[in-house]
2 protein chains.
Amino acid sequence: MTTNQTQPVRVSIVEDDDRIRNMFIILLEGAPGFRCVSGYSNAEDAITDIPAKKPDIVLMDINLPGKNGIECMKAIREADPQILVVMLTVYEDNERIFESLAAGASGYLLKSTSPSVILESIHDVIDGGAPMSAQIARKVVHSFHTIQKDKHQNDLGSLTSREHEILTLLASGYMYKEIAGKLFIAKDTVKSHIRNIYEKLQVRTRTEAVIKYLDNN
Amino acid sequence: MTTNQTQPVRVSIVEDDDRIRNMFIILLEGAPGFRCVSGYSNAEDAITDIPAKKPDIVLMDINLPGKNGIECMKAIREADPQILVVMLTVYEDNERIFESLAAGASGYLLKSTSPSVILESIHDVIDGGAPMSAQIARKVVHSFHTIQKDKHQNDLGSLTSREHEILTLLASGYMYKEIAGKLFIAKDTVKSHIRNIYEKLQVRTRTEAVIKYLDNN
DNA sequence: CTGATAATCGCCCGTTAGGGTGATTTTTTT
DNA sequence: AAAAAAATCACCCTAACGGGCGATTATCAG
């Protein structure tokens, strides 16, 4: 717990079960250093109101009726990426683990977790941690590795739009000067972009870049 | 009819129907400038005997019992490619038109064709023509166009095995010297092959060649 | 036997590509 | 406002590429 305690941690909660939601609110309000700024029983209210409340962290039920918690989190973090979200679930839903974290969740807590651990976990998240059970952690790491593998085969996603534009022309057989002419920029600029493309794709020649481009298309 | 008539045209016929076969034999023997050197009621006899008889032209029933006429023609022309073959059929069998001509047939006649036209057609074949009905001709041209289209999209077929080998390495991103090392040949030889590949594929750069290669794969 | 094709290698020469290095400007993010 | 990322341009230099032109050998079909 290295959190600066001069200001309480502002928490919002999105949970459709009134009993559970109120339990969390009472827990947070009764704990020193925590402030529960709002609670919602559905995704829509949360999405419209949370950006204005500016909580530090949101506890989000993953199984909301109607729009699910992952979609809700996406909407909130799109409006304000600084708001951290920890997903709540009653059981270890393997399939949504990666989906949530990939979509921007900072952690993952079982609702049955003891109050003290919940408070501790919130502090962990504020400090940059990512609370989750050991079993879930292993699965996440596994998923992450798989994703990393995919990402490496499909590196085109890391290219900027300009780079992608140039790579497309490169993969059409155009020379530097022709690309420069088409885009109304200098030949050296094209070269510069291509250098960056090569580094991102981990290749050394135009042919290797074209191969990667055509394969992932 | 521009054929040199000093020597009669030597004809063999392969047709399982005795009545039809004899009709053709009588027609040919009774016509000046023609000589029927042999007749067969099955493919096997024709294949073993025709090369020795050395006819100028073979009239081949497309629907032979057992081994069909197309296979029979292939075997005969493999033994002696100078022997011309005209397929005989009772009806316009669309599907076998291209197959026969692609396999080396010089023409295509309906059995119901009048004797004078048959004799004329044989002379046409000897003179380098390709007798067939107008309807069949149109279908053949159509098939041919389709094939040509495929060939042009798939230009890789015109490459020699060595060229294909080199193009594969080229499309894997290897440089000339690396390809040379892998194939134990000189860098200039690789360059020479690649020059030929470029001409066959109608491209000017390695990238364009790679694009064509990857697309047709 | 002769011609055609395939595979091999060499040399000259100009163009293109790619690495190194550095810089300016604009846009985005923090 | 400050920092980071994206886009822009420039210069030097070596290696790779591609065209032109020619040549030898082996094989195979006519």
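Chain identifiers are assigned alphabetically (A, B, ...) following the order of the sequence lines, protein sequences preceding nucleic acid strands; residue numbering begins at 1 within each chain.
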Salt bridge or not between D16(B) and R21(B)? Use side-chain N to carboxylate O under 4.0 Å.
no
Going 5' to 3' along DNA chain D, which nucleotides are the first and last within contact of chain A (any atom under 4.0 Å from a heavy atom)?
dA6(D) to dC12(D)
Does K191(B) put a side-chain nitrogen or oxygen below 4.0 Å from OP1 or OP2 of dC9(C)?
no
Salt bridge check: are E208(A) and R204(A) linked by an N-O gap of less than 4.0 Å?
yes
Base, sugar-phosphate or nothing for R195(B)? Non-hydrogen atoms, less than 4.0 Å.
base
Atom NZ of K111(B): over 12 foreign heavy atoms under 6.0 Å
yes
Candidate pair F34(B) and H123(B), rule ring-ring contact (aromatic ring centres under 6.0 Å, His included), full reasoning:
CA-CA 10 Å; F34(B) 291 91; H123(B) 272 141; 4.8 Å; yes
Rounded to whole angstrom units, what separation is found between the CG atom of N196(B) and the C1' atom of dT5(C)?
11 Å
Under 4.0 Å, heavy atoms only, any strand: does T189(A) hit a base, just the sugar-phosphate, or nothing?
base
Do you know which two heavy atoms are closest between L183(B) and R162(B), and how far apart they sit?
O-NH2, 3.8 Å
Taking atom CD1 of I62(A) and atom CG of L88(A), what is their separation to the nearest 0.5 Å?
9.0 Å
Rounding to an integer number of Å, can you tell me how far M175(B) CE sits from dA17(C) P?
16 Å
What is the distance from CD1 of I194(B) to P of dA6(C), rounded to the nearest Å?
17 Å
In whole angstrom, give the distance that lies between atom CD1 of I197(B) and atom P of dT8(C).
11 Å
Verify the distance criterion only: is there a donor paired with an acceptor across the side chains of Y40(B) and S12(B) at less than 3.5 Å?
no
Could you tell me whether Y174(A) atom OH has more than 12 heavy atoms of other residues or ligands within 6.0 Å of it?
no
Rounded to the nearest angstrom, tell me the gap between atom CG in D188(B) and atom P in dC13(C).
15 Å
Measure CZ/R206(A) against C1'/dG18(C) and give the value in whole Å, please.
11 Å
When rounded to whole Å, the OH to P distance for the pair Y176(B) and dT16(C) reads 14 Å
When we call it a touch if two heavy atoms are under 4.0 Å apart, what does T205(B) touch: a base, just sugar-phosphate, or nothing?
sugar-phosphate
Pull out every residue in residues 164-171 of chain B that has a heavy atom closer than 4.0 Å to any atom of DNA chain D, ordered by number, or say none.
none
Atom of E29(A), atom of C36(A) and distance for their closest heavy-atom approach:
OE2-N, 2.8 Å
